[in-house]
Amino acid sequence: MNSAPNPQTPSNSTEDSTDLHDLAFEHLKVSLDAGVLTLMIDRPAAKNALYGKLYAHLAHALEFAERSPEVKNVILRGAGADFTAGNDLDEFIAFSQMSDIKDAALPAFRFIKAAATLSKPLIIAIKGVAIGIGTTILCHADFVYCDDTAVFALPFVSLGLTPEAGMTRLMTQQIGYLRTCELLFCAKKFDAALAKDYGLISHITHDTDVYEHAQNTARALAALPMSALTASKRLLRQDLDETLACIDKEGEVFLERLRSKELLEAISAFREKRPADFSQFDG
């Protein structure tokens, strides 16, 4: 497991910038071509696992996309063979020892809300693992593409945690309550075929590279009337206020669970390559 760098937020000096040159981030590559802003999580040695500073960078980039008239749509992807392994577990341990978890966790929630409120099309392209936030963030995408290597999982409960990113509302709406319970409570990994069958993704690319497929869609969208696209997305997501309220409520419970003994046991068991024993916390 790779250690997460110390959480840190971007400088406020570029907070409201619409200059692409200000978007130079560690572990995140940003490029703009013909209206398509591509955000590539670039931490392949850690399977693109996320941590505080990287969440802040992603949020900043999405907020830039919202402000900039040059950006017509956004592609979110990982570098190399994976999308993201989710939150770096070392950061969870650090959180459990902090007196004020809320401030440290703010970048993650800022990223989630930036994705939820983006008025322009968001395309997510997936290879390899899409774990935890790598699966829940799909609920905020307008197009989700993956190839046959994709592996998804919602390991929250098995880590002693609770779901986030508004998935308790959005995923139940998208795939149904029973299927959401199956994926969340059982916490088993599932493949692209099941994700497509359940309605979590738009398309599995078999004959073309998934990143190329996403680019083709993005270029086609960039040629459409922007005002019509954004107005249509607003109509499709008329319940955005309820979604943001759900994200906040989930966040409150999630922060409480970051202090749980079950989380520390789950991480210890993972590192020691043994089954977790939660029975000691019963009663």
Side-chain angles (χ1 to χ4, degrees), residues 1-5 25-31 36-59 61-62 74-92 107-108 111-112 115 122-141 143-156 158-159 161 163-165 167 171 183-184 187-196 198 200-215 217-218 266-267 270-271 273:
M1 188 187 318
N2 292 270
S3 297
F25 299 133
E26 183 182 16
H27 296 146
L28 180 65
K29 291 185 176 179
V30 181
S31 62
V36 180
L37 185 72
T38 300
L39 308 180
M40 183 171 69
I41 305 166
D42 189 26
R43 200 181 172 213
K47 291 187 176 292
N48 297 323
L50 304 176
Y51 58 92
K53 187 176 179 181
L54 185 47
Y55 280 121
H57 292 340
L58 284 163
L62 288 173
V74 178
I75 294 175
L76 178 61
R77 52 162 289 190
D82 292 295
F83 179 45
T84 176
N87 204 100
D88 196 300
L89 293 183
D90 283 342
E91 188 168 73
F92 281 158
F111 162 58
I112 292 166
L122 174 60
I123 303 164
I124 296 181
I126 300 166
K127 292 184 179 181
V129 296
I131 308 300
I133 185 70
T135 295
T136 58
I137 198 65
L138 306 184
C139 294
H140 301 288
F143 300 83
V144 182
Y145 302 132
C146 74
D147 65 13
D148 292 309
T149 69
V151 177
F152 307 84
L154 297 169
F156 300 100
S158 63
L159 288 171
L161 296 171
E164 33 81 316
M167 71 150 284
M171 194 171 289
L183 300 180
L184 177 64
K188 293 179 180 178
K189 293 179 180 179
F190 56 100
D191 62 12
L194 184 68
K196 179 66 167 65
Y198 277 15
L200 276 174
I201 62 173
S202 312
H203 181 70
I204 304 171
T205 60
H206 299 289
D207 301 322
T208 59
D209 181 78
V210 66
Y211 300 148
E212 180 183 347
H213 189 86
Q215 284 287 344
T217 296
I267 295 175
F270 176 82
R271 288 178 162 172
K273 298 183 175 8

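Count residues from 1 along the sequence.
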Minimum heavy-atom separation for T149 to G128, with atom names?
-> OG1-N, 3.0 Å
Where A214 and I123 come nearest, the two heavy atoms and their spacing | CB-CG2, 3.9 Å
Mind checking whether I126 and V144 have side chains closer than 4.5 Å, heavy atoms only?
-> yes
Would you check, one step at a time, whether the test side chain to side chain contact (heavy atoms under 4.5 Å, CB included) holds for D148 with H206?
-> CA-CA 7 Å; D148 292 309; H206 299 289; 3.0 Å; yes
Examine R77 relative to Y211 and say whether NZ or CZ is less than 6.0 Å from the centre of the six-membered ring and inside a 45° cone about the ring axis.
-> yes
Nearest-0.5 Å distance, CD1 of residue I75 to OG1 of residue T38 | 4.0 Å
Heavy-atom closest pair, residues S202 and Y145 = CB-CE2, 4.0 Å
Side-chain touch H57/V30, heavy atoms, less than 4.5 angstrom = no
Would you say Y51 and H27 make side-chain contact, with heavy atoms under 4.5 Å?
-> yes
Would a 4.5 Å heavy-atom cut-off, applied to side chains only, mark L183 and Y198 as touching?
-> yes
Roughly how far, to the nearest 0.5 Å, is CG of L76 from CG of L62?
-> 7.0 Å
Test item: E26 side-chain N/O and L54 main-chain N/O as donor-acceptor pair under 3.5 Å = no
To the nearest 0.5 Å, atom SG of C139 lies from atom CG of L200 at 7.0 Å
Taken to the nearest 0.5 Å, the spacing of I267 CD1 from D90 CG works out to 8.0 Å
Going from CD1 on I133 to CZ on F111, what distance comes out if it is rounded to the nearest 0.5 angstrom?
-> 5.5 Å
Please check if the distance between the ring centroids of H213 and H203 is under 6.0 Å.
-> yes
Taken to the nearest 0.5 Å, the spacing of L154 CG from T136 OG1 works out to 7.0 Å
Return the minimal non-hydrogen interatomic distance between C146 and I201, and the atom names on each side.
-> SG-CD1, 3.3 Å
Evaluate the side chain to side chain contact (heavy atoms under 4.5 Å, CB included) criterion for residues I131 and N87: first the C-alpha distance (whole Å), next the side-chain angles of each, then the deciding distance (0.1 Å), finally the verdict.
-> CA-CA 8 Å; I131 308 300; N87 204 100; over 6 Å; no
Between I41 and N48, what is the shortest heavy-atom contact and its length?
-> O-OD1, 3.1 Å
Would a 4.5 Å heavy-atom cut-off, applied to side chains only, mark L138 and F152 as touching?
-> yes
Indicate yes or no: at least one non-hydrogen side-chain atom of L58 is less than 4.5 angstrom from one of L50.
-> yes
pair D82-K127: side-chain heavy atoms closer than 4.5 Å = no
Walk me through it: do E212 and T205 pass the test side chain to side chain donor-acceptor pair (under 3.5 Å)?
-> CA-CA 10 Å; E212 180 183 347; T205 60; over 6 Å; no
Could you walk me through whether L39 and V74 pass the side chain to side chain contact (heavy atoms under 4.5 Å, CB included) test, one step at a time?
-> CA-CA 7 Å; L39 308 180; V74 178; 3.9 Å; yes
Should D88 and R43 be marked as a salt bridge (Lys or Arg N to Asp or Glu O under 4.0 Å) after you check the CA-CA gap, both sets of side-chain angles, and the distance that decides it?
-> CA-CA 11 Å; D88 196 300; R43 200 181 172 213; 3.1 Å; yes
Could you tell me which non-hydrogen atom of L37 sits nearest to which non-hydrogen atom of A61, and how far apart they are?
-> CD2-O, 3.9 Å
For side chain to side chain contact (heavy atoms under 4.5 Å, CB included), just list the numbers for F83 and V129, CA-CA rounded to whole Å, side-chain angles, deciding distance to a tenth of an Å, and then say yes or no.
-> CA-CA 6 Å; F83 179 45; V129 296; over 6 Å; no
Do M171 and T135 have side chains that get closer than 4.5 Å, going by heavy atoms?
-> yes
